[in-house]
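Beneath this line is the structure, given in structure tokens, with notes to follow.
The chains referred to below are lettered A, B, ... by the order of the sequence lines, with proteins before strands, and numbering in each begins at 1.
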Amino acid sequence: MQTESSLSRTQLRQDANRWLRTYGTFIGFLAMIVIFSLLRPGVFLSPNNLRNITEQVAILAIVATTMTVVMVVGDFDLSVGALASLSGVVVADLLIQGVGLWPAVLVALAVGAAAGLLNGLLVAYFGLSAFVATLATMTAFRGLSLFYTNGSTLFSGIPESFRLFGQSFTGPIPNSVLIMLGVLAATWFVLEQTTFGRRLYAVGGNAQASYLAGLNVRALRLSAFVISGLGAALAGVVLTSRLFSAHPTAGEPLMLNSIAAVFLGMTMFREGEPHVPGTFVGVLLLGVMSNGLNILQVNSYIQLVLTGAIILLAVLLSGLARRE
Amino acid sequence: MKHRLIHALLLVALVLSLAACTAVAPTAPAGEAGGAGQTKTVAVVTPYMANATTKYAIEQFEKYGKAKGWNVTVTDTNADFNLLVSRIEDAVTQKVDAIVLGMGDPAQMTKGLEAAQAAGIPVFGLDAGNGPGVVLNITSDNGQLGRETARYLAEAIGGKGNVVMFTHDPHPGVRARAEAAAAEFANYPEITVIEKKHIEVPGPVDFARSVTQDLLTAYPNDGDIAGIWAGWDEPALGATQAIEAAERSGIVVVGIDGTDFARAEIAKGGPFIASIAQDFDGMAKQLADIIEAYFNGEKPASDSVQIPGVMVTRE
């Protein structure tokens, strides 16, 4: 028999747990900002540095946001980094050959959509695991970029107008940040406010039940990969514009970082489900941490250790809180 | 039913692609057994012909070898080291007069090298490395590349100020460059290396660009940073772009490798002031001379020859 006070204590602990697992990572993120601002007052929170951070995370945010869609249906897309490189190479090459700005960008995006379609077909219709299928296409896309460029960097003859996506500003805001905000808003809207989005979540929750409920599970999973392919290609275009050159492996770091961001996001606000606001905070957390540690002049190797530790901590905290 | 059809199609595709690979796989022409006075056959084997630099070095070697009247064969295994061992063994079976490794780590092909050693066929490394049976390896002097670029940067900033180094120590070549550069900076009492940043690969340009942005924030005043030394050209490009985007003046950047994009940046007259090119043509030429001397009975004095690089500056 429980006394009233022990009951309320249990209740209190449950509330605290729920609160911790829902907001723990976000509180950690805010704490990080506070610590960086206190350690470097006037520098970390300066408008210039905040602009740097948003600009630094914009490309990763685009990839991570569309990666979220794939992870909502319960899959992965390991090919996004290689695909970003490939679309970057394609857009640069077309521009160098004299193709107009918008046609070149559209072709690069079409490459992304086609690649996503291929991934989706392999996973949803040929029944391959997403890990195996996208691991294979990642390797193939990387090979295509290297083959296309002969391993070299494309830079000579890119027209000035191409600075539009990764280097130009609209008012005080970098265009890359505007593109990121557009992708965030559109993806959030699709996932949260449309029937299509709710169906994607249903497939991720229980594919079998969704199928029995009459959803076209295959088409839904396929479409998630197409969205991810498009996002990767768009990121590749922005990256190539930012660097004003196309390197055949430039996009590769985006893959693991985007998955890490989605995982971080899954520990926030809503448990265990990928969602756009969480992913965005995850991306910001990674970006703020690397920027802040650079400004604090922390050793590069230690930065990597800290990044890994923070991801583990976030996931562990939300997992532990859930188990109780 | 549909699944069975898909499987059948996949199988056909697999068989076709395997067949295509087999058909493409190069068969090295049988070399004339090399007695004295006959045409010498030199077999070049490489895992990296797809790499533009490797391709250039090997083509130059082929040119110099043919000029000496040799029969030079080139075999590429497209990054497959297992196949590379087989190709070395093929060359041994054909009793070629010498084998040249085009830029592959000999440690990854020991079995083939031992076969060559057992057959008494000399192996030479063209920017490869040393290992069992490797008579001599010719390569760039990474120390000199680091030292020259560091000296150029030090002189460009008038021998004083704060310097940032972009490194990648896990790569032995880049590490040797950075160590030599740091030693060179130490010769200038008024130069301080304030930061040594590890640059991640792949994606070094964007990584270096972000790191540079952050460093410019951490060191906000003109004169806080006088120069950035990068262990290779990609991070130098990223640093240059960040400096230009932040409209900071008074910071110069040097890189290493003399890549085409670095040359283009240097020509623009921005912060990127110099790089240094590895002399692959010189390497190929000297290796051909060394092999010729070897055929004439002159054994090289050392198992390693280092070729200095050539500075690339705006002048």
With the side chain counted from C-beta on, respond yes when [X] and [Y] share a heavy-atom pair under 4.5 Å apart, and no when they do not.
X        : Y        : value
B/Thr259 : A/Thr153 : no
A/Glu55  : B/Arg209 : yes
A/Asn52  : B/Thr217 : yes

Give me the contact list for [range] versus chain B, heavy atoms only, anything under 4.5 Å, ordered by residue number.
range                       : value
residues 81-91 of chain A   : none
residues 156-167 of chain A : none
residues 298-309 of chain A : A/Val298, A/Ser300, A/Tyr301, A/Gln303, A/Leu304
residues 288-295 of chain A : A/Ser290, A/Asn291, A/Asn294, A/Ile295

Tell me, for [X] versus chain A, whether the close heavy atoms (under 4.5 Å) come from the side chain, the backbone, both or neither.
X        : result
B/Tyr219 : side chain
B/Asp169 : both
B/Gln241 : side chain
B/Leu237 : side chain

Quiz item: Please walk me through it: do A/Gln56 and B/Asp214 pass side-chain hydrogen bond (donor to acceptor under 3.5 Å, both in side chains)?
Solution: CA-CA 10 Å; A/Gln56 287 169 10; B/Asp214 296 344; 3.0 Å; yes
Self-check item: Side chain / backbone / both / neither for A/Leu146 at chain B, heavy atoms under 4.5 Å
Solution: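 Contact with chain B is absent: no heavy atom of A/Leu146 under 4.5 Å.
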Self-check item: Region of A/Thr249 in contact with chain B, defined by heavy-atom distances below 4.5 Å
Solution: both
Exercise. Kindly check if the number of other-residue, nucleotide or ligand heavy atoms within 6.0 Å of CZ (A/Phe169) is above 12?
Key: yes
Quiz item: Is it the case that more than 12 heavy atoms not belonging to A/Phe147 sit under 6.0 Å from its CZ atom?
Solution: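 Open.
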Practice problem: Go through the steps for A/Leu154 and B/Phe261 under the test side chain to side chain contact (heavy atoms under 4.5 Å, CB included), then give the verdict. | Solution: CA-CA 8 Å; A/Leu154 303 180; B/Phe261 61 82; over 6 Å; no
Quiz item: With chain B, which of A/Pro253, A/Ala250, A/Ser152, A/Ser46 has the greatest number of heavy-atom pairs at distances under 4.5 Å?
Solution: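 Top count of heavy-atom pairs under 4.5 Å with chain B: A/Pro253.
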Quiz item: Measuring from A/Phe155:CZ to B/Arg263:CZ, what's the distance to the nearest 0.5 Å?
Solution: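 Between A/Phe155 CZ and B/Arg263 CZ, I get 10.0 Å after rounding to 0.5 Å.
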